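Here is the structure we will look at, set down as structure tokens.
Throughout, residue positions are numbered sequentially from 1 according to the sequence presented. Quick caveat: nothing in here was measured; it's all calculated off a predicted structure.
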Amino acid sequence: MNTRQWLKFKRVEEREIIRQRISVAFINMAVLAVIWTVLAGFVYSMDQRQYLQAVDHQLENLAWHMSRSCPHCQKAVVAEMEHEPLTQVPDVHLLLWDSSNPPHVVASYHPFPQTSKSEIQSLLDAHLSSHPVYYSVRILNVSYRVMQWPIRPGLTGQVFENIQDDESRLARLLTLLVWGGALGLILSVLGGFLMGLWTLRPILAVRRREQEFLSDVSHELRTPLFAMTAHVELLLSHSHDRIEEHLPWIEALYSETQRMANLVKDLLEIGHLEEGAGSLNLSTVSLQEICEEVFAIYQPVCELSGLNLALDIADDALVRADPQRLRQLLLIFWITRTNILTKADARFGSECANITPKFI
């Protein structure tokens, strides 16, 4: 994969992350919209039900007093009701209907204008019943709650109570719920977009580990190439010498080519490691021998860089490890240490070239 393909892959990956965050945001909005709709509908319906129950109870009390006052006389019913405290509620209308053909009002308290008589009579005909009936209507653009009940055969009562204020309050509540829901949805989209980054943290963490792995692989491949280049330069600088005089350098070159072959083999084994099929070839090895092997490879590189490196390790140091993996770790250590000392030498001068790292 060249640089252009890599950059294209990165752009596609970034777009996919943004797409996933947007998806999370809209899913969050949809869930919140459902929850808010259910809760808002519940609050609205409960408030409406409670106030209608209160109004119906009040209308029922009025009807009970009317039936108790004078069940056989009409005008006396209304006259009695004028002294009842329940009728002190503003805009309460009482109508007594004679159910003969055609029906007509025989008594009233706070009657409606004549222009609404036909409308009220149609309500009477539509809700005739042997039991009390409750319903809501609009008369002259005003909302009323109505109770209609039979007082005695041939006589029907209607009680109207103005509920315009309650309807206005419910309308304000509905507006508040709608605007609150809209604001909540907007905030949920923003929050979901931000939360999408949080939910993608495991994926981004895996991606970072992949990038670190690629960096380590590049470092592992660059390390033997760097050592091989140094040995080749040494050989070229001594081109007039006999080959036998520089066999250690040639052996180091061969060792590094073998190491690169092992690195390629390790890359092929990564899939097995992820599946749990990989294993370490553990054995008891001499730490001094492995360190001296790695030290021999990098000693010419350090000399070219003007660095003086020394190895200090116990002769009887034995460890149980995979020799190949241990060698890789030591190679990474040496190249990292070499880079640090080279930068320190360039910044602070030659006194840093005598720093001696030790394996203890």
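Across all non-hydrogen atoms, the minimal contact from Leu124 to Gln148 is O-NE2, 3.2 Å. Nearest heavy-atom pair, Ser136 versus Ile163, reported as atom, atom and distance to 0.1 Å: OG-CD1, 4.3 Å. For the pair Ile139 and Ser116, the tightest heavy-atom approach, listed with the atom from each and the gap, is CG2-CB, 3.9 Å. Val137 and Tyr135 make their closest contact through CG1-CD1, 3.5 Å (heavy atoms, listed as atom of the first residue, atom of the second, distance). Of all heavy-atom pairs spanning Leu177 and Tyr44, the tightest one is CD1-CB, 4.3 Å. Among all heavy-atom pairs drawn from Trp97 and Ile120, the shortest one is CZ2-CG2, 3.7 Å.
Put simply, the side chain of Glu161 never gets that close to the backbone of Val92: no donor and acceptor are under 3.5 Å apart.
Judged by distance alone, the side chains of Tyr51 and Glu167 do bring a donor and an acceptor atom under 3.5 Å apart.
For residues 150-181, the pairs satisfying ring-ring contact (aromatic ring centres under 6.0 Å, His included) are Phe112-Phe160, with sequence neighbours left out.
Counting heavy atoms from C-beta on, the side chains of Glu233 and Ser237 never come closer than 4.5 Å. The shortest distance between side-chain heavy atoms of Leu155 and Val106 falls below 4.5 Å. Taking the side chain as every heavy atom from C-beta outward, Trp36 and Val34 never approach each other to under 4.5 Å.
Taking CE from Met147 and CD from Gln58, the interatomic distance works out to 12.5 Å, rounded to the nearest 0.5 Å. A distance of 11.0 Å separates CG of Leu128 from CG of Leu123, quoted to the nearest 0.5 Å. Taking CD of Gln53 as the start and CG of Asp56 as the end, the distance is 8.0 Å to the nearest 0.5 Å. For the atom pair CG (Leu190) and CG (Leu185), the distance works out to 11.0 Å, reported to the nearest 0.5 Å. The OG1 atom of Thr156 sits 9.5 Å away from the CG atom of Leu96 when rounded to the nearest 0.5 Å. Rounding to the nearest 0.5 angstrom, the gap separating the CG atom in Leu52 from the CG atom in Asp47 is 9.5 Å.
Grouping the Ile, Leu, Val, Met, Phe, Trp and Tyr side chains by contacts below 4.5 angstrom, directly or via other members, places Val105 with Leu140. Using a 4.5 Å cut-off between side-chain heavy atoms of Ile, Leu, Val, Met, Phe, Trp and Tyr, with links allowed through other members, Val146 and Val142 fall into the same hydrophobic cluster. In the hydrophobic cluster analysis, where Ile, Leu, Val, Met, Phe, Trp and Tyr join through side-chain heavy atoms closer than 4.5 angstrom, Ile290 is grouped together with Val319.
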>> Show, in sequence, the C-alpha distance, side-chain angles and deciding distance for Tyr144 and Asn162, and conclude whether the side-chain contact (heavy atoms from CB on, under 4.5 Å) test is met.
In response: CA-CA 5 Å; Tyr144 289 93; Asn162 188 334; 4.0 Å; yes
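Considering Asn28, Leu183, Val31 in turn, Asn28 is the only one that fulfils the side-chain contact (heavy atoms from CB on, under 4.5 Å) rule with Ser188.
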